[in-house]
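Notes to accompany the following structure.
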Amino acid sequence: MPKTLHIANSLTRKKEEFKPIHEGRVGMYVCGPTVYNSVHLGNCRTFMSFDVIYRYLMHLGYKVRYVRNITDVGHLVGDSDDHDAEDKISKRARIEQIEPMEIVQKYTVGFHEKMQLFNCLPPSIEPRATQHIIEQIEMVQQIIDNGYGYEKNGSVYFDTIKFAKESGVYGKLSGRILDDLISESRDNLKNQSEKNHPADFAIWMKAAPEHIMRWNSPWSEGFPGWHLECSAMSTKYLGKTFDIHGGGNDLKFPHHENEVAQNHGACGCHPANYWLHTNMLLMNGAKMSKSVGNTITPDELIGGDSHLISKGYSPMVIRFFNLQAHYSSPLDLTDEGLQAAEKGYRRLMEANKTLQAFTHPDGGSDGALNSEIAKLIAETEEEMNDDFNTPKALAKLFELASKINGLKDGHLDWEALADDTLANLKQLYQSYIFDIFGLKEEGESGGDNGVLSGVMELVIDLRQNARANKDWGTSDKIRDKLNELNVVLKDWKDGTSWSVN
RNA sequence: GGUCGGUUGGCCGAGCGGUUAGGCAGAGCUCUGCAAAAGCUCGUACAGCGGUUCAAAUCCGCUACCGACCUCCA
């Protein structure tokens with residue numbers, strides 16, 4: 001387990017020590033959503049994963065500039081380089097019979113709501129493609145000037161084959177083999193319209209007459225290619241070369257590969273030192289897709305409004321569920337798995353409440369328990385340094401939960417625990433659960449001015465009297481009735497605690 | 001078809017050469033008026049077949065399944 005942060009770099013396919021370009025600072029770019037529809041649950045997983053990465057980098061003391069774009073133009077339906085292909089936003093606008101920018105607004109707002117629900121921190125900058133048309137046009141020009149772009153009938157294409165041959169870079173990220181790309185031409189050269197080669201891709205597209213979203217450019221009235229926005233905006237806000245580029249692994253090809261090509265083509269340098277790819281969210285063993293019939297929206301998952309699940313799961317349970325798997329592994333969403341996560345989440349939160357309420361009876365000494373706990377604390381940190389291993393770090397927190405419960409239970413001896421170890425443990429739990437994992441307490445009404453707790457104190461007191469008189473009828477009635485109201489009573493040796501479910 | 005990756009106990013999911021992952025579920029016990037919670041103990045694993053090694057879930061080969069990408073996708 002490493003003492004310093006190590007990251008699995010998709011570019012090199014190796015785990016490497018993380019070294020930022022500028023000491024103490026990190027620039028991170030993550031491909032955001034195309035806002036033509038409600039957010040896909042898979043999007044949420046990716047952004048939750050990067051949220052934890054963002055939070056952990058800050059925890060390590062880095063000043064992080066986290067850029068996550070909003071794609072609001074250029075993403076086409078179907079064949080991406082076909083003039084008749086429709087822009088995703090435009091298409092939706094036509095269906096809903098409103099302006100494209102109304103679509104963008106509507107689904108951007110919806111996206112932000114979901115991000116907030118899942119407790120994802122907003123990125124430092126959230127640039128939109130339509131706000132950076134000028135930068136994109138400039139980049140197209142640079143690519144042309146450097147000999148990697150060519151214009152045909154108002155559209156501009158990236159000369160992939162030329163770039164691939166000259167740079168030796170193309171295909172590195174996604175593991176494509178250059179020969180395969182080149183030989184592709186024999187198969188479908190015939191039906192290519194304007195491109196010199198099927199592997200070439202549009203960086204500027206001339207708009208068909210009926211195309212609504214269009215801007216003036218030196219080549220035509222048109223719109224930028226999808227891959228271009230990320231190159232242009234990452235360069236603008238993070239520089240020509242920055243630290244981390246992230247996204248779902250389904251973007252590796254062609255999106256990220258083409259992004260790399262564009263950056264090289266424009267400025268002759270590699271955009272990011274470390275590439276991170278999150279893996280897919282599966283539903284009952286397969287990637288969610290409409291044809292398989294295993295899709296579920298965030299709202300349906302939370303509301304329990306789907307035949308795929310037996311009940312609704314809260315956003316924090318879903319977040320916890322996500323933390324139990326490594327970001328680079330596929331995660332299978334199942335009803336049983338979610339139920340397990342729900343209980344695990346509660347157990348962890350309960351342990352934290354117990355822990356934070358601890359006061360050390362007497363300054364303990366350095367016993368076996370002390371070193372055991374100190375070791376687990378250190379290991380938690382090291383697990384996160386190992387490529388953000390949240391499931392492993394979480395496992396350590398659970399091992400610590402046993403210790404916490406043991407102390408509360410009287411099973412473990414306070415004498416064997418030193419004051420500063422307890423303080424460290426409190427600090428660890430607090431920062432991991434809330435700051436790094438981004439979990440939070442749920443179902444807390446708040447703002448009742450302590451009325452509820454006052455009432456509960458009274459009720460528990462009355463019930464305590466009944467119990468003292470062995471009036472089990474009354475005491476059980478109170479407990480049962482409260483249970484119906486989702487208030488759970490637990491009788492401990494030294495009193496009764498309550499919580500709202 | 002091509003290219004990657006995966007196959008771990010009832011379920012989810014870590015580990016990637018020697019050591020308990022963890023969560024959930026299950027069994028027994030302790031505590032308790034009962035319950036809940038908690039604690040203690042326990043069981044069932046590394047797809048199959050070969051190989052390398054003192055030692056393999058972990059490395060290599062083959063086979064069988066599964067998935068992703070190759071076309072829009074987080």
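Letters A, B, ... are given to chains in the order of the sequence lines, protein chains preceding strands, and every chain is numbered from 1.
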With a 4.0 Å cut-off on heavy atoms, is A:S475 in touch with a base, just the backbone sugar-phosphate, or nothing at all? base
Under 4.0 Å, counting only non-hydrogen atoms across every strand here, what does A:Q339 touch: a base, just sugar-phosphate, or nothing? nothing
Regarding A:E399, tell me which of base, sugar-phosphate or nothing describes its non-hydrogen contacts under 4.0 Å with the strands shown. sugar-phosphate
Span that lies between the C1' atom of B:rC59 and that of B:rG22, in whole angstrom: 26 Å
Have a look at A:L489 and say if it touches a base, only the backbone sugar-phosphate, or nothing, with a 4.0 Å heavy-atom cut-off. base
When the P atoms of B:rU8 and B:rC49 are compared, how many Å lie between them, rounded to an integer? 16 Å
Answer with yes or no whether A:R45 presents, from its side chain, a donor or acceptor under 3.5 Å of a partner atom in the base of B:rA74. no
For atom P, what is the distance between B:rA27 and B:rG18, given to the nearest Å? 34 Å
Here's a test for you: under ring pair (Phe, Tyr, Trp, His ring centres under 6.0 Å), which of A:H245, A:H326, A:H256 qualifies with A:H277? A:H256
Tell me which of A:N389 and A:D409 sits closer to the 5' end of RNA chain B, going by the nucleotide each one is nearest to. A:N389
Can you figure out which of B:rA74, B:rC24, B:rA38 approaches the side chain of A:A340 most closely? B:rC24
Rounding to the closest angstrom, what is the interatomic distance between B:rU71 and B:rA55 at atom P? 47 Å
Could you tell me whether A:R347 contacts a base, only the sugar-phosphate backbone, or nothing, with contacts defined as non-hydrogen atoms closer than 4.0 Å? sugar-phosphate
Using the side-chain heavy atoms of A:R467, tell me which of these nucleotides is nearest: B:rC70, B:rG33, B:rA38. B:rG33
Under-3.5 Å donor-acceptor pair between A:D491 side chain and B:rC34 base: yes
Are A:R68 and A:F50 in a cation-pi setup, meaning NZ or CZ lies under 6.0 angstrom from the ring centre and within 45 degrees of the ring axis? no
Rounding to an integer number of Å, can you tell me how far A:K392 NZ sits from B:rC16 C1'? 11 Å
Polar side-chain contact A:D476-B:rG33 base: donor and acceptor under 3.5 Å: yes
Is there, by distance only and without an angle test, a donor paired with an acceptor across the side chain of A:R479 and the base of B:rC34 below 3.5 Å? yes
For B:rA21, does either OP1 or OP2 sit under 4.0 Å from a side-chain N or O belonging to A:K396? no
Nearest of B:rA38, B:rA14, B:rG13 to any side-chain atom of A:D332? B:rG13
Phosphate OP1/OP2 of B:rA14: any A:S329 side-chain N/O under 4.0 Å: yes
Ring-base stacking, A:W472 with B:rG33 (5.5 Å, 30° cut-offs): yes
NZ/NE/NH1/NH2 to OD/OE distance under 4.0 Å, A:D491 and A:R463: yes
If the C1' atom of B:rU32 is compared with that of B:rA14, how far apart are they to the nearest Å? 36 Å
Taking only N and O in the side chain of A:R463, is any of them less than 4.0 Å away from OP1 or OP2 of B:rG33? no
Its dot-bracket string being built from Watson-Crick and G-U pairs below 3.5 Å, with | for another strand and [ ] for crossing, RNA chain B has the pattern (((((((..(((.....[...))).(((((.......)))))....(((((..]....))))))))))))....
How many whole angstroms separate atom CZ of A:F398 from atom P of B:rG39? 11 Å
Please check this pair: side chain of A:S306 against backbone of A:L308, looking for a donor-acceptor N/O pair closer than 3.5 Å. yes
Taking the C1' atom in each of B:rA21 and B:rA45, what is the distance between them to the nearest angstrom? 13 Å
Start at the 5' end of RNA chain B and walk down; is the nucleotide closest to A:T334 or to A:D250 reached first? A:T334
Which listed nucleotide (B:rG23, B:rG15, B:rC12) is nearest to the side chain of A:F321? B:rC12
Under 4.0 Å between any heavy atoms, over every strand shown, what does A:H255 touch: base, sugar-phosphate, or nothing? Just pick one. nothing
Mind checking A:G42 for me? I need base, sugar-phosphate or nothing, with any heavy atom below 4.0 Å counting as a touch. base
Not counting sequence neighbours, which residues clear ring pair (Phe, Tyr, Trp, His ring centres under 6.0 Å) with A:Y327? List them please. none
Looking across every strand, which nucleic acid part, if any, lies under 4.0 Å from A:K470 by heavy atom: base, sugar-phosphate, or nothing? nothing
Do any side-chain nitrogens or oxygens of A:N249 fall under 4.0 Å of OP1 or OP2 in B:rA68? no
What integer number of Å spans the P atoms of B:rA57 and B:rU52? 16 Å
Pairwise distance NZ(A:K165) to OH(A:Y170) - rounded to 0.5 angstrom: 14.0 Å
Carboxylate-amine/guanidinium proximity below 4.0 Å for A:K477 and A:D480: no
Shortest non-hydrogen pair, A:E372 vs A:K403, comes out as OE2-NZ, 2.6 Å
Closest approach to the side chain of A:K343, judged atom by atom: which nucleotide of B:rG13, B:rG33, B:rC24 is it? B:rC24
Side chain of A:T278 (C-beta onward), nearest among B:rA74, B:rA38, B:rA14: B:rA74
Which is true for A:H411 with a 4.0 Å heavy-atom rule: it touches a base, it touches only sugar-phosphate, or it touches nothing? sugar-phosphate
Heavy-atom pair of closest approach, residues A:W275 and A:N9: N-OD1, 2.9 Å
Contact class for A:L338 (heavy atom, under 4.0 Å): base, sugar-phosphate, or nothing? nothing
Taking the same atom, P, in B:rG10 and in B:rG48, what whole-Å distance lies between them? 13 Å
